[in-house]
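One structure below.
Bear in mind that the values here come from a model prediction, so they are computed numbers and not experimental data.
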Amino acid sequence: MTARPDDHVRPLLGAFVLGHLEPADVTAVRAHLEGCAACRVEAAELAAVAGLLPMADPERLGTPAEPPRAMLDQVLTRIERERGVLGRARRRSVAVRVGAVAAVLALVAVVGQVALGPPEPSGGEVVALTAARPGVLGEAVLHEDPTSTWVEITTSGLSSGETYAVWFEEAGTGDRSPLGTFVGVEGDLYISLYSTLPREHVASIGVSTPDGSTVMEGRVPVPVV
Amino acid sequence: MGAARFDLDERGIRVAYSAHAGEMFGFAVRSLNDHGLAEEAVQETFVRAWRFGDRFDPQLGSLRGWLFAILRHVVIDMARARAIWPEPASDETIEGSIDGAVSAEDRLEQALLAWQIEEALRRIGEDHRRVVLETYFRRRPYAEVASELGIPEGTVKSRVYYALRALRLALEEMGWDDRSS
């Protein structure tokens, strides 16, 4: 079989990598590829794309999902709200250290000392986090929105670089509902995380290592109905 | 929390949102199969991007790649919390996932690739998309497709070639790189 010039073979490479060519054309293309490095590279590049096609669902090609128009405003509102609580959280973390002298059997009980800080315009329930590691301090403030339950955690003394998971324990089932993960840093750390779990279903707030060992946990008061 | 946030202040977030939110939302919907959850995931991603903006180093990678890395974490957390998984695209990927050894990260990687190839198919020209749909997904003979489109069979073949090239370019624009995987 005589090798075909590039101009004749290249347009066949798509059908070739998809396995759509007749045997005679397959033989001709293979013969050409043996002697043409440029076409071999191109065939390999197209084959990589062809290899992804089985993952696609042609039924989904119709209308791409468009983000809701209000989404940017919601992002900016959350940033604005977090910016507002950042300053208060820093002040509270100082209060946490002041209040943490009450250590019991290597467990550090951090009690609500929010009265030491400034008034809390946005409200929220302060939840003392009991740490299972010496030197770890933490406090959570639980908030409730119409669409979500969110928690601010201020903490210090966690290992730098270690990943931690934050969760709610669900009332009744005892299941852990993850809110997200964060990486420990030197010094004070402030995080806020959201969950769609209704406030009344939250029995406790906890922080654990990836293997599930609890680092801090605080029971959440039963809401008054 | 450092005060310096690179340029991901509120204005930076607006710019990043305008450039990437549509793509991120498409991926989140594809992964979580729920518009409400997808919206929550993208919102959370931009809030985290603002919060940790000082950790973004443009010398290490693109903003888009960084945002998608955050989004993947958020989607995995949400999928785990709700015991849902990124939806596989086809029977073949379902078979590959059914042995139980596939991690959430692997499933998400598959969902990302599936979404990227679907997005690439949306981006290429209608003529190119049509021949791929007819010959590959609907498994129709080239002669039949050629007759229906009123073009020679050789033109269908060359369109398939140009379609795959266009798909590759679209995928590369989205950050896909087969040489690094």
Open item on the list: So for atom OH, which belongs to B:Tyr162, do other residues, nucleotides or ligands contribute more than 12 heavy atoms lying within a distance under 6.0 Å?
Closed with: no

- [ ] Check whether B:His35 gets within reach of chain A through its side chain, its backbone, both or neither, counting any heavy atom under 4.5 Å.
- [x] side chain

- [ ] Verify whether one side chain among B:Ser31 and B:Trp115 offers a donor that lies under 3.5 Å from an acceptor in the other.
- [x] no

TODO: Quick one: do A:Phe182 and A:Val207 satisfy side chain to side chain contact (heavy atoms under 4.5 Å, CB included)? Show the steps, please.
DONE: CA-CA 10 Å; A:Phe182 67 93; A:Val207 176; 4.1 Å; yes

- [ ] Measure B:Leu171 against the heavy atoms of chain A and call it side chain, backbone, both or neither at under 4.5 Å.
- [x] side chain

TODO: Measure B:Arg55 against the heavy atoms of chain A and call it side chain, backbone, both or neither at under 4.5 Å.
DONE: side chain

Task: Side chain, backbone, both or neither of B:Thr155 within contact of chain A (heavy atoms, under 4.5 Å) - done: neither

Task: Portion of A:Leu179 that has a non-hydrogen atom of chain B nearer than 4.5 angstrom - done: backbone

- [ ] Could you tell me which portion of B:Arg48 (side chain, backbone, both or neither) has an atom closer than 4.5 angstrom to a non-hydrogen atom of chain A?
- [x] side chain

Open item on the list: If we define contacts as heavy-atom pairs under 4.5 Å, which of A:Val17, A:Leu72, A:Leu21 has the most with chain B?
Closed with: A:Leu72

- [ ] Identify which of A:Val75, A:Leu46, A:Leu53 forms the greatest number of heavy-atom pairs closer than 4.5 Å to chain B.
- [x] A:Leu53

Task: Aromatic ring pairing B:Tyr17/B:Phe46, orientation class (parallel under 30°, perpendicular over 60°, tilted between) - done: tilted

